[in-house]
Structure formats: structure tokens, C-alpha cells
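Letters A, B, ... are given to chains in the order of the sequence lines, protein chains preceding strands, and every chain is numbered from 1. In this text, all values refer to a predicted model and were calculated from it rather than measured experimentally.
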There are 2 protein chains.
Amino acid sequence: MTDSQPSAGETPSDSTVPKVVVSRLSLYLRELQRLQAAGQETISSSQLGTLLGFSDAQVRKDLGFVGQFGYPGVGYRCDELVLAMRDILGTNQPWPVAMVGVGNLGLALLGYRGFGRQNFSIVAAFDADPAKVGQTIQGLTIQPLDELATTVQEKHVRLGMIVVPGPQAQEVSDQLVAAGVEGIVNFAPVTLTLPPHVQVVGVDLAIELEQLSFAVTNKLVKTLPQE
Amino acid sequence: MTDSQPSAGETPSDSTVPKVVVSRLSLYLRELQRLQAAGQETISSSQLGTLLGFSDAQVRKDLGFVGQFGYPGVGYRCDELVLAMRDILGTNQPWPVAMVGVGNLGLALLGYRGFGRQNFSIVAAFDADPAKVGQTIQGLTIQPLDELATTVQEKHVRLGMIVVPGPQAQEVSDQLVAAGVEGIVNFAPVTLTLPPHVQVVGVDLAIELEQLSFAVTNKLVKTLPQE
DNA sequence: CGGTGTGAAAGTTTTCACAGCG
DNA sequence: CGCTGTGAAAACTTTCACACCG
């Protein structure tokens, strides 16, 4: 019920940035971090675009949605832009995440180092299977689901990750919402019904392959960028 | 784009279907398969749309891109539409997949049952680590990378899955392309450079979380559908 | 110069609205 | 009737092109 308080600091993050633009911002950030690590100081929109398969104009327009970062005649300073993108995408602050479902995939995600790089960390893991509860993995003790609400509170968890089989996903999702998470990554192959104030991103591995089988079958040369 | 290909035919899969439409077709198929399993015979565009968070018009337009499947006054017959969608997306035929990189995530994907459901099966797994080569997992013996080309040929592999760390991904990708795969799912957090006839879908788990942290921070209520 | 930021034009996708059909 | 398929309108996104800047 509270109003929205963007307060993102200095960026004009008021207006709505199209979703597709946000997804490209993530790609820019990923590439910029690589360039930065490689010691590159500055980059132009056309260089960055070429690296990712976009036009220079698109890079500039996209960045224009969230601020003004460039130096005419020079381009963008990598480290400055990395900082700005992280601010905008939210990864300058830590994000404690709760995972539900510690099967094959859950285990793998617990061990995935890539999350930490962007300030996400899985701080609690839950499973409905009593045989799994109590086991310690990657330093985390698997908890029963009835501890979810308390733990979310205690550990200031804002995001949940659903890694249970499809048929259980909606119920888990309801529990995460009741516990107060603000966003959910859903690895289960079902569409979740959620209150509108809870954000969701779905990752269905079979669907990704399906997109590919369509593209291959139809020899789509159409679009370029990945992810 | 000028004139239309008036009804008549069955699958006018000639013209280019926008990428965003294809991704929704996958969601329709997923939902339809669930409905079918639940015994539902028919469904209208508005029911299907409601289930997924789309408008009825969008469902009809999307389906209109790939054919004519509906019965006025009735809707769509679930089993018919499932078959048609699978034909279009390519999952009525089997897709043998080669996986490269058998770490945490690779292991989890090897055990993931969801692929089989859509006719994908991982028929070979490769790793550069000599300690892993020769191990048998899920009935598959891990092979060295130098066997990639031969195995791709022998097993008629058309798709590859890259599950190696970022720095190795481009090289692996080059090898997959050289071996003749037509499409790649890339789980490594880098953008690959590929010849234009090879299709790619990128899945970067950290980026998915990033999209969520942006959405949560900016209280985006904007868009609805997942995946 | 080389390169940004940005209006205006072109192109694409979504929504509307309605004829037509079983 | 209820619901599809589809042109036409509206909304949105990308590309173009150019003023301006260091």
C-alpha cells in the first residue's frame, strides 16, 4: 500500500525502463566487468555493441534510459559504468536468497560461484523431505519448510528460489509470499500465480532447449543477441 | 509481409515468427500439456491467456502466426493443439544433445528429467579434466574433448550444451561448431562469437537474479508473464 | 576528429473491434 | 450464442541522422 520510493540516488529511474532494455543492461554489465578485469579503461557504444551483437545506437539509447554516462569523443569509462549499472540493477547491495528444494539442481545452484560475483548469496535452504533436513551442504544446514517464515525474517531474505518439482511449486510459492519475499526465481516448469507486488522470473530449462530446436529447424538467422 | 497466405495450408511456418512469439508458444505448450494431463478437452484463448497472464487477443494472434487451430464457439482442442505446437517447436522429433563440462551444474542437468519430457536427451558428455573422463554418470561415460567431433557424427547430435566456466566457453563453442552442431545452449556467463548459421540461447543464472533485483527495487508491476 | 545524447522516422508488436462460423 | 481469425489503430522499440562536445 505504501507508495513507491525509487530513491535510486542520482539516476532518473523514475520512468519505466522497458523490460527488454533491462535485460540488455545486464549484458552490458557482464561485458563491462570482463573488460574492466582485462584492464580496459574506456569503451565506445559501437565497440560494446559489436561485442554483444547490438548497434551502437541501441547501446546509447539503452543507457540513455537510466542516465548519462558517456564522454563525447571518448566513450564510457568502464569502471564508472560498471558502478552505475550495478547501482541501477541493484547488485551493489547484498541480496540474501532463500532456496526451496534441494534436489540435483538445487545442490548445483548452492555450489554455483557465479551468484556471489553479483552480490547474491543463498543464506538458507529448505526441503520438505525429512531425510534431507539437517544435512549440511556448502556450510548451510537444510531446514524444514515450517521454519521458512522465521528464517526469512531473521536473515532479511528478499528473494526466493524455487527448485522443487512442478506440482509442488505453487504451494511453495504461496509460502514464500506469505513469508514476505519480494521476488521469486522459479525453476519449476509451471506458471505461478502470484500477487502483483511480487516479482517473478521463470527459468525453464526444457523451454530454452525448445526455443533452440525451433530456431534450428527454421534456420532463423533473424536475431542476434544471446540470453 | 504484404499479402497474406490465405488459410488453405496447414502450417505456414515459412514467414518469420517473432522471437517473442516463439517464447510464448512454448508457454502455451507447457500449459496445454498440463491441461491435457488433467483431462481438459478444450480451452478458449481467454482461458489460456488468463492462466498465463496474457490477453485473449494475444493468444489468438500468436497462434495465428503458425496456423489455424481453433473452432469458433468452442476454442481449441487441447490434444490437437499440443501436437501442433510440438510439431512447430520441433519436439515431436528426438533431439540428441551433447553436453560439455561436467561440474556441479552439468551433473544436475544430466539428472534433470524435464528434458526427456520434451524429447531432448543428453547422449554424450565431455570434460577436459582427465580425472573426470571415464567416470560413468546416469549411464553416460564422460569422454575427453578430442572425441567430440566423432561422437557428434556417430550419435547425430545437433545441439550442444556448454556448462564450462566462462573462460573456457568460447573455445568449447568453437569445437562444437567445428563438430557440426546447429545450436548451442550456453550456461557460461559470457557472450559467444558464433557463425550466423549456428543458433544460440544463453542462460545466465546470475543475470536472472539481476533482473529480479532490478524489478524488486523498482517495484515494477509492469509486465506479467514469466520466463 | 571521434563519439555522445536525442528528436524524428521507420519498423515491430500489441490491442481493439468486428465479421463470420458452427 | 460463444469464440475464432484478422484487418486496422494504437503503442512501443529500434534505427537514423545530426547537433554538439572535448
Side-chain angles (χ1 to χ4, degrees), chain A residues 10-12 15-25 27-28 32 35 40-78 80-81 84-85 220 222-225, chain B residues 1-12 15-25 27-28 32 40-78 80-81 84-85 220 222-225:
Chain A
E10 47 96 287
T11 51
S15 51
T16 44
V17 184
K19 202 177 233 211
V20 62
V21 171
V22 181
S23 74
R24 285 192 301 262
L25 293 181
L27 295 176
Y28 300 154
L32 285 161
L35 292 164
Q40 188 161 340
E41 300 263 313
T42 65
I43 190 162
S44 68
S45 56
S46 72
Q47 286 175 298
L48 185 53
T50 301
L51 250 17
L52 295 168
F54 304 121
S55 71
D56 56 339
Q58 180 138 71
V59 172
R60 291 198 301 277
K61 258 279 149 82
D62 285 347
L63 295 176
F65 270 103
V66 294
Q68 297 199 162
F69 310 103
Y71 300 88
V74 178
Y76 303 87
R77 288 207 220 301
C78 294
E80 245 178 62
L81 195 48
M85 288 300 107
L220 284 196
K222 182 80 184 186
T223 19
L224 14 93
Chain B
M1 40 281 285
T2 28
D3 66 341
S4 46
Q5 180 71 11
S7 37
E10 252 275 326
T11 0
S15 53
T16 45
V17 184
K19 200 178 234 210
V20 61
V21 171
V22 181
S23 74
R24 284 192 301 263
L25 293 181
L27 295 175
Y28 301 153
L32 285 161
Q40 187 161 339
E41 301 262 313
T42 65
I43 189 161
S44 68
S45 57
S46 72
Q47 287 175 297
L48 186 52
T50 302
L51 249 17
L52 295 169
F54 304 122
S55 72
D56 56 338
Q58 179 138 72
V59 172
R60 291 198 301 278
K61 258 283 148 81
D62 285 347
L63 294 176
F65 270 102
V66 294
Q68 296 198 162
F69 311 104
Y71 300 88
V74 177
Y76 303 86
R77 285 208 222 297
C78 294
E80 246 179 61
L81 195 49
M85 288 300 106
L220 284 195
K222 182 81 184 188
T223 16
L224 14 94

To the nearest angstrom, how far is B:L63 atom CG from D:dC3 atom P? 16 Å

If you look at every strand shown and take non-hydrogen atoms under 4.0 Å, does B:S45 touch a base, only sugar-phosphate, or nothing? sugar-phosphate

Length of the CZ-P vector between A:F65 and C:dT6, whole Å: 12 Å

Can you name the side-chain contact (heavy atoms from CB on, under 4.5 Å) partners of B:E41, sequence neighbours left out? none

Can you find a heavy atom in the side chain of A:L32 that is under 4.5 Å from one in the side chain of A:Y76? no

Report yes if at least one side-chain N or O of A:Q47 is closer than 4.0 Å to OP1 or OP2 of C:dG3; otherwise report no. no

Taking the side chain as C-beta and beyond, is there a heavy-atom pair between B:D56 and B:L48 under 4.5 Å? no

Short side-chain N/O contact from A:Y76 to OP1 or OP2 of C:dG5, under 4.0 Å: yes

Among D:dC3, D:dT13, D:dG5, find the nucleotide with the atom closest to the side chain of B:S44. D:dC3

Atom CG of A:D56 and atom P of D:dT14 are separated, to the nearest Å, by 14 Å

Atom pair distance, as rounded to whole Å: CZ in B:F69 and P in D:dC3: 20 Å

Are the side chains of A:L51 and A:I43 in contact, using a 4.5 Å heavy-atom criterion? yes

Any B:F69 side-chain heavy atom under 4.5 Å of B:E80 side chain: no

Just the rounded figure in Å: distance from C1' of C:dT12 to CZ of B:R24. 12 Å

Nearest-Å distance for atom pair CD1/P, residues B:I43 and D:dG2: 18 Å

Any side-chain heavy atom of B:L63 within less than 4.5 Å of one from B:L81? yes

With sequence neighbours left out, the residues meeting side-chain contact (heavy atoms from CB on, under 4.5 Å) with A:Q58 are A:R24, A:Y28, A:F54, A:S55, A:D62

What is the distance, rounded to the nearest whole Å, between atom CG of A:L48 and atom P of C:dG2? 20 Å

Just the table, please: protein N/O against nucleotides 15-22 of chain C N/O, every pair under 3.5 Å.
unit_1	atom_1	unit_2	atom_2	d
C:dT15	OP2	B:S55	OG	3.3
C:dT15	O4	B:K61	NZ	3.1
C:dA17	N6	B:R60	NH2	3.3

Write down the distance between CD (B:E80) and P (D:dT4), rounded to a whole number of angstrom. 13 Å

